[in-house]
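These notes are about the structure you will find just below.
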Amino acid sequence: MPTDEARGKQEQLDPSRARPDDGPLTTNFGTRVDDTDNSLKVGERGPTLLEDFHFREKVTHFDHERIPERVVHARGAGAYGVFRPYESLAEYTKADFLQGPDRETPVFVRFSTVAGSRGSADTVRDVRGFATKFYTREGNYDLVGNNFPVFFIQDAIKFPDFVHAVKPEPDNEIPQAQSAHDTFWDFVSLQPESMHMVLWLMSDRSIPRSYRMMQGFGVHTFRFVNAEGRGTFVKFHWRPVLGTHSLVWEEAQVVAGKDPDYNRRDLWEAIERGDYPEFELAVQLVPEEDEFRFDFDLLDPTKIIPEETVPLRPIGRMVLDKNPDNFFAETEQVAFHTAHVVPGIDFTNDPLLQGRNHSYLDTQLIRLGGPNFEQLPVNRPVAKVTNNQRDGYGQQRVHTGRTSYAPNSISGGCPVLASPDAGAYVHHQERVDGVKIRKRSESFSDHYRQATLFWNSMADWEKEHIVAAYRFELGKVTHPEIRERTVERLNHIDHALATAVAEGLGVTPPAEPAGRNHGRTSPALSQANSPMDTIATRRVAILAADGVSADQVAVLREKLSGGGAMPEVLAPHAGEVRSAEGGTVPVDRAMSTMASVLYDAVCVPGGAESAATLGADGLARHYVAEAFKHGKALAALGEGVEVLRGLALPGLRLAGAGGAVVEDQGVVSSTGGGAAEAEEVVAAFADLIARHRHWGRDSDSTVA
Ligand code: HEM
């Protein structure tokens with residue numbers, strides 16, 4: 001549990017909390033109000049009077065309630081938590097919050113999509129933002145990252161072009177939150193430096209199952225600086241304790257309609273339940289003298305340092321344990337900035353990072369209405385703020401005294417300057433010489449080798465999903481030359497990839513590879529190698545109707561809940577169903593209010609009457625067939641096996657008479673109705689759920 005100090009950040013917000021039930025209704029200035037439903041009129045049917053100050057204040061405030069949404073990352077969800085390092089990192093950085101496990105730092109994290117508007121769906125194909133604000137004792141440190149370790153462009157001056165290209169097209173504002181349109185592909189196909197990132201975007205990484213199940217990356221190479229002033233290059237990685245898992249594309253599209261708040265709801269509900277999301281922070285450390293030992297430039301944000309080259313060093317753990325109380329006040333008004341650093345953490349000359357260091361403050365000045373947004377509760381540091389900044393719109397502080405300048409003698413020179421020993425930030429003393437020049441370094445010019453590394457590292461099913469994603473996206477592009485140009489670019493990554501995409505588009509495949517595939521892999525890049533050892537927080541639909549076996553439902557519920565999963569009984573109607581044993585089974589939800597895409601696994605228990613009803617129910621059949629199509633774990637017990645048999649799922653072997661447990665393609669079944677079979681099936685089912693998805697089913701080609 002968080003310490004009192006860590007909790008302090010959240011409690012610090014309390015004085016500004018307002019509760020609507022805390023007394024009689026008043027105007028904004030405290031005058032009590034007797035009627036808020038009728039405006040002040042001349043007679044009951046007459047015109048409204050200008051002197052109705054309550055009406056004017058109420059409506060005027062409403063008229064001004066909206067602020068501009070973020071120019072990118074407009075849609076997001078946030079949470080509070082704490083970060084605690086495993087051990088001291090004093091050898092590399094003097095950052096106070098990394099000096100040892102006794103330092104527990106409160107954090108606020110905002111996860112986001114990039115392209116869509118505030119009201120867009122969560123499960124679109126997009127990069128996810130992963131921004132963390134550490135409220136350290138030395139000031140706020142913001143690690144403003146994404147769930148991909150690379151970016152589309154190498155220089156921040158291209159950011160407006162990139163964002164204009166991916167956002168809805170300007171003439172008709174179509175499509176919303178999609179990269180599958182001409183302007184995006186026009187831009188990236190003309191921009192080979194984006195090829196590596198686009199490959200990530202076409203992979204399953206762009207449709208995470210949950211914000212709790214995706215990685216985060218600082219992307220840039222940053223710099224740690226220790227107390228002696230020695231610098232060490234550092235890359236930051238967040239690793240979810242639940243593993244890195246994704247939806248499949250068709251499922252993501254259906255979820256966007258069934259529950260547009262899918263990822264936001266998942267985060268919120270997990271925290272409300274006490275299933276606190278956890279992420280491990282790991283770093284890759286590179287001594288400054290090794291800056292040039294790689295076959296890419298450490299300053300190039302379109303490159304990773306493969307984990308096999310520089311292993312990850314886990315340095316601490318973050319637990320998100322509190323939802324915001326008010327979305328607007330906290331999640332919407334939070335202001336992250338790459339330039340919010342603390343002593344011991346510094347920049348490098350990565351030209352994307354350098355530009356970001358300008359952009360965030362600049363955009364927040366307009367988004368949050370001018371200076372002083374750092375005084376908003378969610379942005380306020382826990383470190384004491386003493387400076388000579390004064391006035392401005394929305395000033396909340398009452399600065400006393402006569403001086404707001406330095407040097408001064410009237411206030412004894414206060415606020416005084418601190419020395420580095422007393423915690424002052426000092427920029428790393430890097431020698432820089434050069435001529436002014438608008439040019440990219442030659443060392444940034446290899447745009448394909450790491451894209452090839454990513455492609456080579458994918459499992460077969462990941463490659464299939466990538467090819468299908470390119471076909472889908474480019475299939476939406478109306479200009480044939482853009483499709484052809486993209487295929488030509490892909491041919492530089494891998495000939496088989498380019499050929500497969502071309503065939504799906506009706507474009508002539510390239511005759512020859514554009515270069516030789518280097519054949520190298522980095523296993524850490526594949527989601528197939530992500531941890532798959534828990535069913536914690538997985539949602540399981542147990543389909544039931546009148547006559548269901550209550551005993552089997554009980555075993556399923558108990559064993560799955562015991563492993564941390566969330567089984568729910570779904571039936572044709574809410575309330576309860578009759579059980580085969582003569583009692584009743586409570587129903588959690590009516591099937592029609594949910595969908596199999598909202599569950600990680602589906603199971604059909606026995607009971608002859610229940611199985612017969614479900615087998616004849618189109619919706620129940622759809623739950624099972626769709627879960628099968630999306631690679632999800634399935635289980636059937638007793639007569640429930642007949643429901644699956646009736647669907648004639650392609651190539652699937654199911655249990656026959658005799659009760660033996662059969663497992664095939666991620667589906668476990670037994671026609672036996674006894675407790676022993678139920679226990680065995682549920683144990684196997686849990687194992688299958690933990691493995692997330694089961695690829696290679698005959699129906700796979702239709703899901704990606
Ligand atoms: C490695 C590349 C980048 C990453 C990882 C990244 C990440 C993010 C994230 C996570 C957010 C959302 C912050 C939040 O939740 O409030 C964000 C917002 C934003 N980013 Fe970036 N970004 C990148 C590149 C850039 C570049 C190159 C620019 C501009 C030159 C830029 C400008 C912005 C702006 C203007 C916002 C909106 C901020 C606000 O309104 O508060 N980003 N970025």
Side-chain angles (χ1 to χ4, degrees), residues 67-80 107-118 122 126-133 140 142-167 191 193-194 196-197 200-201 205-206 208 211 214-222 235-238 263-264 267 298-304 320 324 327-340 347-348 350-370 373-374 376 378-379:
I67 64 168
E69 64 177 33
R70 287 170 179 80
V71 62
V72 283
H73 296 263
R75 180 168 179 81
Y80 289 99
V107 297
F108 184 81
V109 174
R110 183 173 179 270
F111 302 109
S112 49
T113 52
V114 178
S117 293
R118 253 189 80 176
D122 278 347
D126 199 354
V127 188
R128 299 300 185 282
F130 189 139
T132 309
K133 190 179 285 294
N140 288 356
D142 292 354
L143 181 54
V144 197
N146 280 339
N147 74 328
F148 298 1
V150 288
F151 202 64
F152 292 100
I153 48 170
Q154 293 172 322
D155 190 316
I157 198 168
K158 297 214 63 62
F159 194 68
D161 299 299
F162 163 68
V163 175
H164 291 169
V166 71
K167 283 271 182 178
Q191 193 68 36
E193 72 202 54
S194 66
H196 186 191
M197 176 79 162
W200 279 78
L201 187 68
R205 299 272 185 158
S206 55
Y211 289 139
M214 67 178 201
Q215 287 173 293
F217 301 91
V219 181
H220 311 281
T221 303
F222 292 89
K235 291 262 195 195
F236 291 103
H237 299 240
W238 288 114
N263 289 142
R264 177 184 282 188
L267 179 68
L298 275 186
L299 303 185
D300 176 353
T302 67
K303 303 294 183 296
I304 58 164
L320 301 180
F327 185 90
F328 178 82
E330 297 162 271
T331 309
E332 193 60 16
Q333 293 198 114
V334 68
F336 296 96
H337 186 10
T338 47
H340 292 162
F347 314 114
T348 59
D350 172 340
L352 193 72
L353 175 59
Q354 295 278 320
R356 294 180 74 194
N357 283 345
H358 160 75
S359 183
Y360 289 80
L361 170 58
D362 182 39
T363 194
Q364 284 150 9
L365 283 169
I366 187 158
R367 181 168 75 81
L368 298 169
F373 62 80
E374 73 282 357
L376 294 167
V378 70
N379 293 325

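Source: prediction; values computed, not measured. Counting starts at 1 for both ligands and their atoms, in listed order.
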Next on the checklist: Determine whether a donor-acceptor pair (N or O, by modelled atom type, separation under 3.5 Å) exists between the side chain of Thr113 and the backbone of Asp126.
Outcome noted: no
Can you check which of [options] brings a heavy atom nearest to [atom]?
atom                    : options                        : value
atom 33 (C) of ligand 1 : Phe130, Phe108, Tyr360, Phe111 : Tyr360
atom 39 (C) of ligand 1 : His220, Arg110, Gln354, Arg367 : Arg367
atom 10 (C) of ligand 1 : Pro351, Gly145, Ala156, Ser112 : Gly145
atom 30 (C) of ligand 1 : Phe217, Phe159, Phe373         : Phe159
atom 3 (C) of ligand 1  : Arg128, Arg356, Met197         : Arg356
atom 16 (O) of ligand 1 : His73, Glu69, His358, Arg70    : Arg70

For the pair [X] and [Y], name the ring-plane relationship: parallel under 30°, tilted 30 to 60°, perpendicular over 60°.
X      : Y      : answer
His337 : His340 : perpendicular
Phe336 : Phe108 : parallel
Phe111 : Tyr211 : parallel

Closer than 4.0 Å to some heavy atom of [X] - which atoms of ligand 1 meet that?
X      : value
Leu352 : 1 (C), 2 (C), 27 (C)
Gly129 : 10 (C)
Val71  : 35 (C)
Gln364 : 39 (C), 41 (O)
Val219 : 1 (C), 5 (C)

Item to check | Cationic N near anionic O, under 4.0 Å, Asp161 to Lys158 | outcome: yes
Checklist entry - Between CZ of Arg70 and CG of Leu368, what distance do you get to the nearest 0.5 Å? => result 7.5 Å
Looking at [atom], what's its closest protein heavy atom, distance included?
atom                    : answer
atom 2 (C) of ligand 1  : Phe151 CD1, 3.4 Å
atom 13 (C) of ligand 1 : Phe336 CD1, 3.9 Å
atom 34 (C) of ligand 1 : Val72 CG2, 3.7 Å
atom 5 (C) of ligand 1  : Asn146 ND2, 3.1 Å

Item to check | Step-by-step side chain to side chain contact (heavy atoms under 4.5 Å, CB included) determination, Glu193 to Ile153 | outcome: CA-CA 6 Å; Glu193 72 202 54; Ile153 48 170; 3.6 Å; yes
Next on the checklist: Can you give me the closest heavy-atom contact between Lys133 and Asn140, atom names plus distance?
Outcome noted: CD-ND2, 3.9 Å
Next on the checklist: Under a 3.5 Å threshold, yes or no: a donor from one side chain and an acceptor from the other, between Arg110 and His73?
Outcome noted: no
Checklist entry - What part of Thr363 sits under 4.0 Å from ligand 1 if we count only heavy atoms: the side chain, the backbone, both or neither? => result side chain
Item to check | Name of the residue among Thr348, Asp300, Leu353 meeting side-chain contact (heavy atoms from CB on, under 4.5 Å) with Thr221 | outcome: Thr348
